[in-house]
Amino acid sequence: MLQRTEIKDALQSKQIGQPINVRGWVRSRRGNKNVSFIALNDGSTIKTIQIVVDLEKFPEEQLKPVTTGACISATGILVESQGSGQAVEIQLTELVVYGTADVDQYPLQKKGLSMEYLRTIAHLRPRTNTFGAVFRIRHHMAMAIHTYFHEHGYFYFHTPLITASDCEGAGQMFQVTTKNLYNLKKTEDGKIDYSDDFFGKQTSLTVSGQLEGELGATALGKIYTFGPTFRAENSNTPRHLAEFWMIEPEVAFMDIDELMALEEDFIKFCVKWALDNCMDDLEFLNQYVDKGLIERLRSVIASDFVHLPYTEGIRILQEAIQNGHKFEFPCEWGDDLASEHERYLVEEHFKRPVIMTNYPKAIKAFYMKIDEQESGYNGKSGQTVQGTDVLFPQIGEIIGGSVREESYDKLMAEIEARHIPMKDMTWYLDTRKYGSCPHAGFGLGFERLMLFVTGMQNIRDVIPFPRTPKTAEF
RNA sequence: GCUUCCUUAGCUCAGUCGGUUAGAGCAUCUGACUGUUAAUCAGGGGGUCCUAGGUUCAAGUCCUAGAGGGAGCGCCA
């Protein structure tokens with residue numbers, strides 16, 4: 001049998017008049033009593049190749065199983081197309097049907113399928129144009145991430161997925177245990193006895209690789225993590241998953257300005273990568289999912305991100321309120337900003353991405369470096385921390401980053417003030433105890449980047465098998 | 001977790017004030033058409049109106065509860 005050619009290559013081929021073999025899944029078949037046209041897709045590209053069937057050589061009976069969804073091998077002669085719409089097509093000489101798809105049962109149709117419906121058949125949705133495009137782009141974004149960090153001298157550092165620490169505070173955790181939940185052994189004071197559990201202590205799935213990432217950065221200099229993360233929050237929104245992938249670079253000797261430059265440069269690199277490598281898929285999404293997509297991607301690459309200290313952000317919001325803008329929630333200095341406030345700043349006031357910095361320390365994590373230089377609110381220093389959140393149009397917070405507090409004493413003071421359980425965390429504190437150094441890093445939700453790059457509306461549609469509260473199908 | 005909306009044919013949706021036999025487009029099937037490309041044209045088949053109660057002479061329509069889904073908010077990435 002002739003060697004298989006992938007459809008993306010077949011469509012570019014100049015071997016007119018030569019035999020060719022393609023294999024894939026039938027998107028549609030149409031025609032009249034003389035000729036039948038099969039649109040075939042093999043996933044290598046969003047495009048289909050047209051197989052032209054002369055019904056005198058292939059009687060209708062033989063073509064019966066060639067229905068939408070069926071898998072076939074088509075051998076024929078590559079010819080210049082007589083019709084408009086494609087440069088080349090294949091005149092069929094030999095047909096093999098690998099697998100049929102009963103038209104009364106196969107759930108995918110040529111058109112008119114909602115995202116909600118496709119989510120119920122997530123095992124088949126990669127065969128649709130939209131999800132094919134999304135998952136090809138997902139691959140390319142993963143490659144972009146590895147390429148960016150590798151080319152900038154970062155090391156890919158693997159942090160554990162199972163952890164015994166519960167102090168990061170990033171969210172509720174999924175417990176990991178081999179204990180018999182129907183017959184739990186209790187200690188004398190009524191607590192669960194984990195001493196006979198698999199790890200001999202209580203363990204969970206990680207909510208962040210950052211703390212372990214800091215161990216890597218304070219030895220290798222520049223590291224990044226890229227792996228799955230798990231949060232058991234009961235979050236029901238189009239921007240949250242219980243299982244998602246996170247990118248967390250951590251860099252020794254990096255200050256807040258360098259951190260912001262990294263965040264901006266990294267995101268722009270990824271967006272540009274998509275425009276350079278995924279244009280066919282982006283054009284499809286631009287046409288059918290989000291009309292402004294490509295323009296928005298280009299504008300993000302072209303614009304400089306705003307650097308906005310929290311205190312200045314509050315001032316702008318209060319000015320907006322004085323000018324008659326209505327917000328549901330208040331925003332006094334010290335309040336955490338609500339989505340509506342972030343959206344106002346990004347989408348209405350600045351109309352470009354904003355990196356918000358120097359937040360009040362009370363609303364941020366314990367490990368963020370306290371701002372001693374910043375004059376801060378009412379001219380008093382030490383009230384803010386060097387956090388840097390990148391806020392994007394449509395999707396809100398895409399990155400949360402900060403300079404880390406490198407002083408052992410200051411870090412311990414925060415930990416004690418917040419009553420954070422650190423008894424099993426001496427390994428983390430050792431980074432500050434031995435050769436402590438200034439360092440910084442950020443976390444970027446991979447699926448949120450995917451939302452932005454694809455224009456998709458719901459985070460459940462940019463990961464093949466989404467896990468959300470009450471849903472763990474497939 | 002809170003608020004709110006939705007659930008009618010395989011899919012996307014109409015369905016008026018509670019009133020005769022529940023409709024459309026697409027899909028599918030049959031036929032027509034000498035090259036289509038979201039093909040087109042003609043015709044046919046296809047219904048547990050989410051589930052369980054209730055109100056009523058009469059419920060897809062009103063009420064209660066439950067299930068599933070979406071959106072907004074909170075938490076965050």
Side-chain angles (χ1 to χ4, degrees), chain A residues 27-40 47-56 60 64 67-69 79 81-86 89 91 101-121 128-129 168-172 207-210 228-248 263 287-288 327-329 336-343 363-365 389-392 395-401 442-452 457-461 468-471 473:
Chain A
R27 282 291 161 76
S28 73
R29 183 165 70 89
R30 56 181 173 265
N32 54 42
K33 68 181 178 187
N34 300 300
V35 63
S36 195
F37 303 98
I38 301 166
L40 195 70
K47 293 177 176 164
T48 56
I49 194 161
Q50 177 155 277
I51 315 289
V52 184
V53 188
D54 183 345
L55 295 189
E56 282 185 11
E60 185 68 30
K64 266 263 159 32
T67 58
T68 298
V79 297
S81 180
Q82 292 176 34
S84 57
Q86 59 278 318
E89 61 192 18
Q91 284 282 354
D102 186 339
V103 291
D104 291 330
Q105 291 177 39
Y106 187 62
L108 294 178
Q109 299 173 1
K110 283 189 255 183
K111 54 178 140 179
L113 300 170
S114 68
M115 293 300 146
E116 290 79 13
Y117 172 68
L118 288 169
R119 231 170 270 152
T120 68
I121 50 166
T128 63
N129 282 334
E168 213 266 348
Q172 290 291 113
V207 293
S208 165
Q210 181 196 316
T229 307
F230 308 88
R231 298 200 183 162
E233 298 290 342
N234 190 10
S235 298
N236 296 288
T237 83
R239 297 179 304 282
H240 289 85
L241 290 165
E243 176 182 306
F244 65 100
W245 288 63
M246 190 151 64
I247 298 104
E248 295 177 291
E263 290 168 345
Q287 186 176 350
Y288 290 102
F327 291 110
E328 188 182 346
F329 296 98
D336 210 350
L337 294 187
S339 296
E340 58 175 347
H341 302 130
E342 296 178 351
R343 296 190 71 136
I363 61 173
K364 286 292 175 185
D389 288 359
V390 180
L391 309 178
F392 256 43
I395 54 177
E397 184 180 340
I398 192 169
I399 281 182
F442 67 78
L444 175 136
F446 185 48
E447 285 75 16
R448 291 199 178 162
L449 178 65
M450 282 295 298
L451 279 180
F452 182 74
Q457 298 295 305
N458 193 308
I459 201 163
R460 291 158 215 173
D461 300 327
T468 55
K470 299 284 192 295
T471 308
E473 298 304 311

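For Asn236(A) and rG72(B), the CG to P distance is 12 Å, given to the nearest whole Å. Nucleotide rC73(B) holds its P atom 10 Å from the CD atom of Glu342(A), rounded to whole Å. In this structure, Asp389(A) places its CG atom 10 Å from C1' of rC76(B), rounding to the nearest Å. Here the P atom of nucleotide rC76(B) and the CZ atom of Phe446(A) are 24 Å apart, to the nearest Å. Tyr117(A) has its OH atom 13 Å from the P atom of rC13(B), to the nearest Å. As rounded to whole Å, 12 Å separates atom P of rG1(B) from atom CD of Glu233(A). Spacing between atom CG of Asp54(A) and atom P of rG35(B) amounts to 13 Å, rounded to whole angstrom units.
Among the nucleotides rU36(B), rC11(B), rG74(B), the one closest to any side-chain atom of Gln50(A) is rU36(B). Listed candidates were rA71(B), rC75(B), rG35(B). Nearest to the side chain of Ser81(A) is rG35(B). Of the candidate nucleotides rG69(B), rC73(B), rC11(B), rC73(B) has the atom nearest to the side chain of Phe329(A).
With C1' as the reference atom, rU34(B) and rG44(B) are 27 Å apart, rounded to whole Å.
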Mind listing the N/O atom pairs, protein and nucleotides 28-34 of chain B, below 3.5 Å?
{"residue": "rC33(B)", "atom": "OP2", "partner": "Lys33(A)", "partner atom": "NZ", "Å": "3.1"}
{"residue": "rU34(B)", "atom": "O4'", "partner": "Asn34(A)", "partner atom": "ND2", "Å": "2.9"}

Where do N or O atoms of nucleotides 49-51 of chain B meet protein N or O atoms at under 3.5 Å, pair by pair?
none

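Across all strands shown, the partner of rA71(B) is rU3(B), judged by Watson-Crick or G-U wobble contacts whose two distances both fall under 3.5 Å.
Open room surrounds CZ on Arg343(A); 12 or fewer heavy atoms of other groups in view lie less than 6.0 Å from it.
Listed pair Arg119(A) / rG70(B) meets the phosphate criterion, a side-chain N or O lying under 4.0 Å from OP1 or OP2. Thr237(A) has no side-chain polar atom (N or O) that falls below the 4.0 Å cut-off from OP1 or OP2 of rC73(B). For rC76(B), neither phosphate oxygen OP1 nor OP2 lies less than 4.0 angstrom from any side-chain nitrogen or oxygen of Ser235(A). The side chain of Arg29(A) contributes no N or O atom lying less than 4.0 Å from OP1 or OP2 of rU36(B).
Nearest-nucleotide positions on RNA chain B place Gln457(A) closer to the 5' end than the other of Ser339(A) and Gln457(A).
With sequence neighbours excluded, the residues satisfying side chain to side chain contact (heavy atoms under 4.5 Å, CB included) with His341(A) are Leu317(A), Phe327(A), Phe329(A), Cys331(A), Leu337(A), Ala338(A).
Separation of atoms CD1 (Ile51(A)) and CD1 (Ile38(A)) is listed at 6.0 Å; rounding is to 0.5 Å. The line from CD of Gln82(A) to CD of Gln91(A) is 7.0 Å long, rounded to the nearest 0.5 Å. The CG atom of Asp389(A) sits 7.5 Å away from the CD atom of Glu342(A) when rounded to the nearest 0.5 Å. In this structure, the separation between CD on Glu473(A) and OG1 on Thr468(A) is 10.0 Å, given to the nearest 0.5 Å.
No side-chain donor-acceptor contact under 3.5 Å links Thr229(A) and Arg231(A).
For the residue pair Ser208(A) and Met246(A), the shortest heavy atom distance occurs at CA-CE, 3.9 Å.
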